[in-house]
Amino acid sequence: MSPYKHSLLCLFVLFFVSKAQDEPPRTLKYLFRSVYSFGDSFVDPGNNNYLPNVAKSNFPPYGRDFVNKQPTGRFSNGKLFPDFVAIYLGSEYQRPYMDPMLNLTEQPTAVSFASATSGYDPSTTNKSNATSMLDQLEEFKVYKGKLQRKLGKRIANREIRRALFYVNAGSDDFALSYFGDGNPTTTSSGSIPQKITPEEYEQSLLKRVKQFVQGLWYQGARKIAVNGLPPLGCIPIGITRLPPTPGNSQDARNCVEYVNAISKDFNLLLQDELKALQNKFPKFGTKIAYIDFEQPLLDIIQNPDEYDFSEVNKGCCGTGLYEIGVQCNETTPVCADASEYVFWDAAHPSEDAYYAIFQSNLATIDQIIKF
Ligand SMILES: *[C@@H]1O[C@H](CO)[C@@H](O)[C@H](O)[C@H]1NC(C)=O
Ligand SMILES: *[C@@H]1O[C@H](CO)[C@@H](O)[C@H](O)[C@H]1NC(C)=O
Ligand SMILES: *[C@@H]1O[C@H](CO)[C@@H](O)[C@H](O)[C@H]1NC(C)=O
Ligand SMILES: *[C@@H]1O[C@H](CO)[C@@H](O)[C@H](O)[C@H]1NC(C)=O
């Protein structure tokens, strides 16, 4: 049973109804906006396929519920949050920037520069051979140059002004750099001082978020949506590896509260930072907004029945406790119906969970894309 399929149908019905009523018709061309995304495996549609990186998912059972049942390098059974955004804005689902078939003979409208295991912290990327956030920004500059040569500067720059820029990173900074050794009081990373507090680490990431958003703005981006952290203590592999909340047994597989507290704290600071950035830039035309993965995901996990989910703390792939990437492969047993699972693998939401989170953020997305 798939709640999103039903709602998607409604979306199309509404679209055609409004198309029939409005004069002149709101054609797809009128609605068209590009979507550019940056970040980690919550966003990457397959850039890592082209990198020397163990973080890959371009094999079954990944993509089991995607278009043509194709594994693409998306870390889910189907579409990701920005794919839903792109489709909503009248585009196709995302294409990876690294795809050699991605050329501008036919202009793609949803391009992702994201790379699984990337983070704001340069040492997160260094450990994993992903494309760092700053390199993703550099790639966008190259892309923009190509777009300008193809369309002419004026039209290309207008495209970029109208486009939605979506940024989702930070999870891997905590997962790989901060909690890399499964011990929240120490860190496995050489470049992060030992015993740095979560607050200090949050501050260092926030500086880099600010840098990144400013970098986008100076490239001409005006509609920028920045994702907060998901409730990191509810990610299945985190539950498996981190010491449980004091007083809880590991077997209960409850969300790890002291880790969720970090997500909550970071997200509050991030929202302040985004407001400050919004105020820093000329009001006219600039929209910088916060996309919330925390409350929607917590709500789904706490009230799965309301969303037609039945499994909230294990992934659909394998035991659901630890399998991610190569550990979730053709030989791995998989659950029958991923739409009953909030998580597809031990770290990533299922397509239906992404869709539910997308719906919770729809008002924000509408707000950003308004002129
Ligand atoms: C980084 O790249 C090298 C090859 O260049 C590869 O051997 C290694 O496994 C990669 N590390 C990760 C974590 O993907
Ligand atoms: C450009 O991309 C299209 C598909 O999007 C493909 O058919 C075509 O061969 C590509 N052209 C080049 C020169 O790679
Ligand atoms: C990671 O960074 C360190 C220090 O900047 C550098 O010496 C090392 O070569 C980098 N490793 C990779 C895999 O890029
Ligand atoms: C495939 O996944 C299983 C776990 O389900 C793992 O034991 C095995 O090593 C994986 N195979 C490869 C080639 O990574």
Side-chain angles (χ1 to χ4, degrees), residues 38-66 69-78 96-100 112-136 138-139 169-183 186-192 232 235-241 253 311 313-338 340-350:
F38 304 82
D40 58 26
S41 57
F42 287 128
V43 192
D44 184 355
N47 284 309
N48 273 23
N49 303 349
Y50 306 98
L51 296 173
N53 189 315
V54 294
K56 288 190 172 57
S57 58
N58 53 345
F59 39 77
Y62 285 97
R64 192 176 71 170
D65 302 305
F66 193 68
K69 305 192 186 307
Q70 275 301 304
T72 56
R74 284 170 175 78
F75 282 79
S76 190
N77 57 311
Y97 169 75
M98 304 281 279
D99 182 349
S112 178
F113 300 84
S115 172
T117 67
S118 186
Y120 292 116
D121 176 350
S123 74
T124 301
T125 314
N126 179 303
K127 276 192 284 234
S128 61
N129 306 346
T131 310
S132 71
M133 294 302 282
L134 287 178
D135 283 344
Q136 291 180 31
E138 291 305 312
E139 291 178 342
S171 296
D172 285 334
D173 293 315
F174 283 98
L176 302 177
S177 293
Y178 196 74
F179 293 131
D181 58 359
N183 181 349
T186 64
T187 164
S188 63
S189 163
S191 68
I192 300 167
L232 286 170
I235 303 292
I237 192 155
I239 297 177
T240 305
R241 292 185 57 194
R253 292 191 64 75
E311 185 56 81
N313 61 26
K314 288 181 188 138
C316 162
C317 192
T319 63
L321 306 179
Y322 68 89
E323 294 90 344
I324 309 169
V326 290
Q327 293 292 313
C328 169
N329 58 57
E330 272 157 296
T331 69
T332 310
V334 192
C335 76
D337 185 357
E340 291 174 2
Y341 283 66
V342 176
F343 292 94
W344 161 252
D345 67 13
H348 303 99
S350 63

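Note that ligands are numbered from 1 as they come in the structure, with each ligand's atoms numbered from 1 the same way.
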Chemist: Any N/O of Thr332 closer than 3.5 Å to an N/O of ligand 4?
Modeler: yes
Chemist: Evaluate Gln327 for polar contact with ligand 4, using N/O atom pairs at a separation under 3.5 Å.
Modeler: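 Yes, there is a polar N/O contact under 3.5 Å.
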Chemist: Let me see the working for Leu51 and Thr131 under side chain to side chain contact (heavy atoms under 4.5 Å, CB included), right down to the final yes or no.
Modeler: CA-CA 8 Å; Leu51 296 173; Thr131 310; 3.4 Å; yes
Chemist: Do Asp44 and Ser115 get their side chains close enough for a donor-acceptor pair, meaning under 3.5 Å?
Modeler: no
Chemist: Can you say whether the rings of His348 and Phe42 are parallel (under 30°), tilted (30 to 60°) or perpendicular (over 60°)?
Modeler: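 Rings of His348 and Phe42: perpendicular, over 60°.
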Chemist: In a check of side chain to side chain contact (heavy atoms under 4.5 Å, CB included) between Tyr341 and each of Cys317, Cys335, Pro236, which one passes?
Modeler: Cys335
Chemist: Check ligand 4 against Thr331 and write out every atom of the ligand that is under 4.0 Å from a heavy-atom position of the residue.
Modeler: 1 (C)
Chemist: Taking C-beta and beyond as the side chain, do Pro122 and Leu134 meet within less than 4.5 Å on heavy atoms?
Modeler: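 The answer is no; the side chains never approach within 4.5 Å.
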Chemist: Among all protein heavy atoms in this structure, tell me which lies nearest to atom 14 (O) of ligand 4, with the distance rounded to 0.1 Å.
Modeler: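 Looking at atom 14 (O) of ligand 4, the protein heavy atom closest to it is Val326 O, 3.4 Å.
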Chemist: Atom 10 (C) of ligand 4: which protein heavy atom is closest, and how many Å away?
Modeler: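 Atom 10 (C) of ligand 4 sits closest to the protein heavy atom Asn329 ND2, 2.4 Å.
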Chemist: Check ligand 1 against Lys127 and write out every atom of the ligand that is under 4.0 Å from a heavy-atom position of the residue.
Modeler: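 The atoms of ligand 1 under 4.0 Å from a heavy atom of Lys127 are 13 (C).
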Chemist: Just to be sure I'm reading this right: ignoring hydrogens, which of Asn53, Val54, Leu176 gets closest to atom 9 (O) of ligand 1? Compare them by their nearest heavy atoms.
Modeler: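 Considering heavy atoms of Asn53, Val54, Leu176, the nearest to atom 9 (O) of ligand 1 sits in Val54.
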Chemist: Strictly by modelled atom types, are Thr124 and Asp173 linked by a side-chain donor-acceptor pair under 3.5 Å?
Modeler: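 On atom types as modelled, these side chains qualify, holding a pair under 3.5 Å.
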